[in-house]
Number of protein chains: 2
Amino acid sequence: MLSDIDRLRRFNRAVTREVGALDHSYLGRGRPLGAARVLQLVTAGGTDVARIRDQLALDSGLMSRLLRALEDEGLVETGADPADRRRRIARLTPTGAAENAAYRAIGHLAAETTLARAGRQGPALLAAMDLIATQLLHDVTEIVDADPDDPAALICLAAYFQLLLDTIPGLPAEKLPLPLADAPLYRLPQGAFLIARSDGLPIGCASLRPLEPGVAEVKRLWVHPDARGQGLARRLMVLLETRARELGYQHLKLDSNSALTEAITLYRRMGWIDCAAYTGFPADVWMEKPL
Amino acid sequence: MLSDIDRLRRFNRAVTREVGALDHSYLGRGRPLGAARVLQLVTAGGTDVARIRDQLALDSGLMSRLLRALEDEGLVETGADPADRRRRIARLTPTGAAENAAYRAIGHLAAETTLARAGRQGPALLAAMDLIATQLLHDVTEIVDADPDDPAALICLAAYFQLLLDTIPGLPAEKLPLPLADAPLYRLPQGAFLIARSDGLPIGCASLRPLEPGVAEVKRLWVHPDARGQGLARRLMVLLETRARELGYQHLKLDSNSALTEAITLYRRMGWIDCAAYTGFPADVWMEKPL
DNA sequence: GACTATACCTGACTGTAGTCAGATATAATT
DNA sequence: AATTATATCTGACTACAGTCAGGTATAGTC
C-alpha cells in the first residue's frame, strides 16, 4: 500500500508537525526561538558558550547577539573562562533560572500530553522513539570510560544479565551478581569499563579486568538490541583492546556461552582463537588473543 | 537512567536534526523552502490551491506570492476551477514536473540512505515510525468509504485474517477468502466498507452486508495494533451503525469468536446483546442490536 | 437585484535567522 | 619578542517567513 519511502515521508510529516507545535509553544514566552533555545542550554553552574554554539550549530556572530539579548534581559551573565580567558562562560541569573525552568515546564507538559494521549501504548511509543533516535543518532554515539558502579553501567549490566537469562538455557537467575561484587577490578589502573552512549542513553558496554600477570579478561560485552548491526560491538572491542595494550597487558582471554552466537562470531572475526577452559558453567567457550 | 521526558526529548533532538538536514538538502535547488514545499504538492493533473494552503497552513497572501514565484519560473500554471471560478487550480508545466521529480528524488535518496544505514534493522525502524506517526497523527485519522476490492481494503482484510489465525485456535488458513468472494454485497446500496486512514496509511476497517430483509450483518472489524486504545474501533462501529440506518436497515447482527475478547467487550458496551446462533465455526458468539 | 460570504490577490510592513568582513583580546608557537 | 592561531564581538547586510489591510471577482442568499 504505502511504500517504504511513503512510510518514511508520513513519519516526517507527523514529527515535523509535532516539533513545530513544540517550537511554537516556546514562543509563548515572548522571546524568539533562537534566544529560547540558547537559554535552555545555559545552566546555573555555567556553560561554555562555545559548547552551546556547537550544539545549536550557530554562527559565532549570531550566538554573540543572542547571548547579548539574554544579558540585556537580565537572564544570563557571562564571564571569561579562568582557564582560557578568550573563552566565555554563560551562567543563569536567578531570573534566568526561573525562565529556564518555565521552558522546561512547557517541554515537560508537551511530553506528558503526548504520553497521556498514547495511553496504554505509552511504553511502546517510547520504545519506538528510542529505536529511532538510536538509529538516527548513530553517528554521534560516543564511547566513554565509566565507573563500574555508575548508574549507566548498572543499566547496561542489568540488560546484559537479562539477555543471558533469556538466551542461555538452565541459567539460574541468582547466579548474576549486581552490583558487581568485583567492581574495583574494573577500575584503573588494572581494568576498564567502557560505556557507549547515544545522546545520553546508554546503549552498550564492555569491560576489562585482570586475570593473571600480563593477562586481562574481557567481560560483559553488551549492545542494546536497537543499536545492533552497526558495528558498535566491534568498536567497543577495538577500544577495549587498545586500552588493554595501554595498561601493559600482553594477552587477553574471555569466556562465553555457545548460545551467544553473534558475540562469538565477532570474536573469531577479530582474531580470537579457542583456548583451554579456565572457568565453569555457564561458560562453555573460552578464547584468547595475543596483543 | 533517562526519564520518559528525557527519552522524548532525545527523540525530538534526533528527528529535528534529521528533518532539518532534509529541508536543507531541498535548498540545493536554489529555491526557498516555502516555494519548494508548495511545488512538491502540485501535481501534473492539477491541485486545488486551497488544499495546498491548508496542508501547509499558509497565509493566503503568502501562498499567493509563492505560487506567483513558481509561475514566474515557468514551473506551474494556474487557472480557475470550472466548478467554482473563485477557486484556483495549480498545474505543473513540463518544466515544473521535472523540477518536482527532482525534489522527489532528493527525498527518495534521503529516505533510502536512512533505511540503508539501518541495515537489517530497517523493518524495525519503519515499524517504529509507523507506530509513532499513527500516534501523533491520531487527531487527523479519517474514516472513508471504500470499495471492498480497493488495495487498502485488501491490506486491512489480510491483516484481519492474520489476526484471526493468530488468535483463534484451530482455524485453518485456507478458510479465509481473499479477495472477498462476496465483495458485491459490501457495496452500495446494500452494504458498506469503511476504512480508517491515518495520513494515507490504512489502519482500520469495518464493513456491512445484507443478511435478511431489514437486517444487516457487521463484518470484519479490525484496527491496527499501533492504533488501538484510542477509540478507533468505536468510531468505526458508530459510523457503521449510522450507515446501516441510512440504508434502511432496522436490525444488525454479527458473529464473532470468544477469543476476540476486546471486540466483544466493545460490542457489549455499545449495546449489543447475545442472540441465537446463525453461523458455524469459527463463530461461537452471536450478537444483535436493534437500530 | 441587492446583499453577504468566499477565494484569491496585491502592496506594505515586520521580525528573525543567518552570513560576512573586519576588530579585539588572549593563547600558543617559533 | 614577534608571529600565528583562536574565541569572541560588532556592524552591515540579505533573504525569508509571516502578518495585515484593503481590493477584486465570483458564488450563494434573501
Side-chain angles (χ1 to χ4, degrees), chain A residues 16-17 19-42 46-73 76-91, chain B residues 16-17 19-42 46-73 76-91:
Chain A
T16 299
R17 201 182 63 141
V19 171
L22 183 60
D23 280 355
H24 198 83
S25 71
Y26 284 142
L27 291 174
R29 299 205 65 77
R31 208 165 283 112
L33 244 129
R37 284 213 189 90
V38 169
L39 184 59
Q40 288 186 70
L41 289 180
V42 181
T47 314
D48 291 8
V49 169
R51 193 179 154 168
I52 297 173
R53 203 180 51 213
D54 209 51
Q55 233 170 319
L56 297 177
L58 292 177
D59 171 86
S60 84
L62 182 52
M63 178 75 212
S64 188
R65 236 180 307 276
L66 290 173
L67 212 53
R68 208 82 328 112
L70 292 173
E71 261 183 327
D72 291 349
E73 274 197 274
V76 305
E77 292 168 337
T78 64
D81 180 342
D84 178 344
R85 301 186 50 78
R86 289 171 306 182
R87 292 176 166 278
R88 312 220 82 199
I89 291 183
R91 195 185 319 277
Chain B
T16 300
R17 200 182 65 140
V19 171
L22 183 61
D23 280 355
H24 198 83
S25 71
Y26 285 140
L27 291 175
R29 300 206 63 79
R31 209 164 282 113
L33 246 135
R37 272 199 259 270
V38 169
L39 184 60
Q40 289 185 69
L41 288 180
V42 180
T47 314
D48 291 9
V49 169
R51 193 180 153 166
I52 297 173
R53 203 179 51 215
D54 209 52
Q55 234 170 318
L56 297 177
L58 293 176
D59 171 85
S60 84
L62 182 52
M63 177 75 212
S64 189
R65 233 179 308 274
L66 291 173
L67 213 52
R68 208 79 331 110
L70 292 173
E71 261 182 326
D72 291 349
E73 274 196 277
V76 305
E77 290 169 337
T78 64
D81 182 342
D84 179 344
R85 301 187 48 78
R86 291 170 305 180
R87 293 178 166 277
R88 312 219 83 199
I89 292 183
R91 194 184 321 277

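These numbers come from a predicted model, not from an experiment. Naming: A, B, ... by sequence-line order, numbering from 1 per chain.
- Using a 4.0 Å heavy-atom cutoff across all strands shown, A:Arg53 reaches sugar-phosphate atoms only and no base atom.
- In this structure, A:Asp23 atom CG and C:dG15 atom C1' are separated by 16 Å, rounded to whole Å.
- For the pair B:Asp59 CG and D:dA17 C1', the interatomic distance rounds to 10 Å; values are reported in whole Å.
- In this structure, B:Leu62 places its CG atom 14 Å from C1' of C:dC13, rounding to the nearest Å.
- Where B:Thr78 and A:Arg37 meet DNA chain C, the nucleotide closest to each residue was compared, and B:Thr78 sits on the side nearer the 5' end.
- Rounded to a whole Å, the CG atom of A:Leu58 is 15 Å from the P atom of C:dT16.
- To the nearest 0.5 Å, atom CG of residue A:Leu41 and atom CG of residue A:Asp54 are 11.0 Å apart.
- Between B:Leu33 atom CG and C:dG18 atom C1' the separation is 14 Å, expressed in whole Å.
- Below the 3.5 angstrom threshold, one finds no donor paired with an acceptor across the side chain of B:Arg86 and the base of D:dG28.
- For A:Arg68 and C:dT16, the CZ to P distance is 18 Å, given to the nearest whole Å.
- Whole-Å rounding puts the A:Asp54 CG to D:dT8 P distance at 10 Å.
- Taking 3.5 Å as the limit, the base of D:dT19 and the side chain of B:Arg65 contain a donor-acceptor pair of atoms between them.
- Separating the CG atom in B:Leu66 from the CZ atom in B:Arg53 is a distance of 12.0 Å, to the nearest 0.5 Å.
- Atom CZ in B:Arg87 sits about 11 Å away from atom P in C:dT6, given to the nearest Å.
- Under 4.0 angstrom from either OP1 or OP2 of D:dA7 there lies no side-chain N or O belonging to A:Arg88.
- A salt bridge links A:Asp23 to A:Arg37: at least one charged side-chain nitrogen sits closer than 4.0 Å to a carboxylate oxygen.
- Neither OP1 nor OP2 of C:dA27 sits under 4.0 Å from any side-chain N or O of A:Arg85.
- Within a 6.0 Å sphere centred on CZ of B:Arg51, other residues, nucleotides and ligands contribute 12 heavy atoms or fewer.
- Atom-to-atom distance recorded for B:Leu56:CG and B:Met63:CE is 7.0 Å, nearest 0.5 angstrom.
- Looking at heavy-atom distances under 4.0 Å, A:Asp84 makes contact with sugar-phosphate atoms alone, never a base.
- Among the atoms of the strands shown, only primed sugar atoms or phosphate atoms (P, OP1, OP2) are found under 4.0 Å from some heavy atom of A:Ala50.
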